[in-house]
Number of protein chains: 2
Amino acid sequence: MPEFLDLHSRTNKVLRAVAEVAMQRHGLHLGQDHLLAVLWKEDGRTPGEIAAAVNVSTPAVVKMSGRLVDAGLITRRRDDRDNRLVRLWLTGAGRALQAPIESERRHIEKKVTEDLTQEERELLMSALAKVHRSTVALMTESP
Amino acid sequence: MPEFLDLHSRTNKVLRAVAEVAMQRHGLHLGQDHLLAVLWKEDGRTPGEIAAAVNVSTPAVVKMSGRLVDAGLITRRRDDRDNRLVRLWLTGAGRALQAPIESERRHIEKKVTEDLTQEERELLMSALAKVHRSTVALMTESP
DNA sequence: GGTCGATCGCTAACCAGTTAACGTTCAGCG
DNA sequence: CGCTGAACGTTAACTGGTTAGCGATCGACC
């Protein structure tokens, strides 16, 4: 089992777990905060736009937005100019989550990188960015 | 959106996507190779042992092993000494996948880190290990 | 002004993963 | 020797995610 792939995926798993319990403290599941973040930045976007912004498929946004509607955090309404579009709008409850969620994520980021020196942190970011680019390149050429 | 968490999860996503298509070339889904890897190392282990080795819940192993049985890569048989135990055994097809899958993963690891110098690679690994430890610590103390 | 293709949201059927609850089987202890 | 509690696999119900395919709507073109 190659060491980098293994370490990276194990790290991802624990990071996800930590983020999950943090989000549950606010009644959210992991990933829902990303969707809300798009609306916090600009309300009334369509599922397709959100999917593109979050790098997720449109059906994933559709399902998740259904749960967020049930939770009373957003509402769904058709665009009256173009009737095949649907626009998602934050409710008061959804908007109220912005500050606590963002603070929560900053807290996690801080705790999780607190053992790194500033230099290590920068090298980690740039190395990870290189890996990201190489992976995207590998992905778009092989199929 | 904190930059490290974001970059790490985005990197994980593309890495998963690459691994997924690579595994599909051998008729596998992502994660199934990890389960098989445990059996390649030592055949005839129980779902609980495998779950612990792969850091996954037991039900996850149960479901996945069902699909691997359907695919003809493993068989499931109760232990005759202790009848509540179930042991998973590789079939010939399951054993035959070891070499190609391991080579596939090594190839991905190589391609994905090819833009890194040796020094960068080592720093990335050690930094990631630190993050991993801090995250585990954060996880076990907060709830 | 009608048709035809593109766009968009959505549903269905998968996959991996989780926790909670259930039924069996075993082992230790009275 | 029986009973009680622990260990184990399994099922059910949820989450996030995927691709394939359906239906409705819009826009452009003839």
Side-chain angles (χ1 to χ4, degrees), chain A residues 9-10 12-24 26-36 44-52 54-71 73-88 139 143, chain B residues 9-10 12-24 27-36 44-52 54-71 74-88 139 143:
Chain A
S9 76
R10 272 180 12 236
N12 184 258
K13 179 153 198 180
V14 290
L15 281 174
R16 278 185 74 93
V18 162
E20 173 74 34
V21 307
M23 291 305 134
Q24 281 181 351
H26 304 274
L28 286 183
H29 286 276
L30 193 52
Q32 300 182 343
D33 54 331
H34 293 108
L35 195 160
L36 290 176
R45 312 201 67 165
T46 69
E49 290 170 343
I50 296 173
V54 184
N55 266 309
V56 150
S57 68
T58 308
V61 173
V62 170
K63 277 203 300 185
M64 190 179 289
S65 63
R67 285 186 271 266
L68 289 173
V69 167
D70 293 346
L73 300 176
I74 63 174
T75 60
R76 200 185 327 218
R77 199 174 56 223
R78 296 206 91 90
D79 187 308
D80 14 78
R81 296 185 38 183
D82 187 340
N83 218 291
R84 64 209 149 145
L85 265 47
V86 163
R87 301 202 169 272
L88 304 180
M139 195 170 56
Chain B
S9 75
R10 270 181 11 235
N12 183 257
K13 178 151 201 182
V14 290
L15 281 174
R16 280 185 72 92
V18 162
E20 173 74 33
V21 306
M23 291 305 133
Q24 281 180 351
L28 287 183
H29 285 276
L30 193 55
Q32 300 183 343
D33 54 330
H34 293 108
L35 195 161
L36 290 176
R45 311 201 67 164
T46 69
E49 290 170 345
I50 295 172
V54 185
N55 266 311
V56 150
S57 69
T58 308
V61 173
V62 170
K63 278 201 300 183
M64 191 180 288
S65 63
R67 285 186 273 264
L68 289 174
V69 167
D70 293 346
I74 63 175
T75 60
R76 199 186 328 220
R77 198 172 59 222
R78 295 207 91 90
D79 188 309
D80 14 79
R81 295 183 39 184
D82 186 341
N83 218 291
R84 65 211 147 141
L85 264 47
V86 162
R87 300 201 171 274
L88 304 180
M139 196 172 51

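In what follows, chains carry the letters A, B, and so on, assigned in the order in which the sequence lines appear, proteins first and then strands, with residues in each chain numbered from 1.
Rounded to whole angstrom, the span from the CG atom of A/Asp33 across to the C1' atom of D/dG16 amounts to 12 Å. Rounding to whole angstrom units, CZ of residue B/Arg16 and C1' of D/dG17 are separated by 9 Å. B/Asn83 places its CG atom 18 Å from the P atom of C/dG23, with the value rounded to the nearest Å. Across the protein-nucleic acid pair, A/Arg67 atom CZ and D/dG16 atom C1' stand 7 Å apart, rounded to whole Å. Rounded to a whole Å, the CZ atom of B/Arg10 is 19 Å from the C1' atom of D/dG16. Residue A/Glu20 contributes atom CD, which lies 9 Å from atom P of C/dT19 at whole-angstrom precision. If you measure from atom NE2 of A/His29 to atom P of C/dT19, you get 12 Å, rounded to the nearest angstrom. The CG atom of A/Asp80 sits 17 Å away from the C1' atom of D/dA24 (whole-angstrom rounding).
Heavy atoms of B/Gln32 sit under 4.0 angstrom from primed sugar atoms or phosphate atoms, though from no base atom. Nucleic acid contact class of B/Val56 (heavy atoms, under 4.0 Å, all strands): sugar-phosphate only.
What you find for B/Arg78 and B/Arg84 is that their closest heavy atoms are NH2-O, 3.4 Å. Summarising the geometry of B/Pro47 relative to B/Val62, their closest heavy-atom pair is CB-CG2, 4.5 Å, with the distance given to 0.1 Å. Closest approach of A/Met139 to B/Ala17, counting heavy atoms only: SD-CB, 3.6 Å. Here the closest heavy-atom approach between residue B/Ser65 and residue B/Leu88 is recorded as CB-CD1, 3.8 Å.
Using a 4.0 Å cut-off, no side-chain N or O of B/Ser57 falls inside it from OP1 or OP2 of C/dG17.
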* Which nucleotides of nucleotides 4-13 of chain C have their base under 4.0 Å from a protein heavy atom (B), which only their sugar-phosphate (S), and which neither (-), written as one string 5' to 3'? -> ---BSSBB--
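Checking each of B/Asp82, B/Asp80, B/Asp79 against B/Arg87 for a salt bridge (charged side-chain N to carboxylate O under 4.0 Å, His left out) leaves exactly one that passes, namely B/Asp79.
Using a 4.5 Å cut-off on side-chain heavy atoms (C-beta onward), A/Ile74 and A/Leu36 make contact.
A donor-acceptor pair is defined here as one N or O able to donate and one able to accept, closer than 3.5 Å; such a pair exists between the side chain of A/Asp33 and the backbone of A/Gly31.
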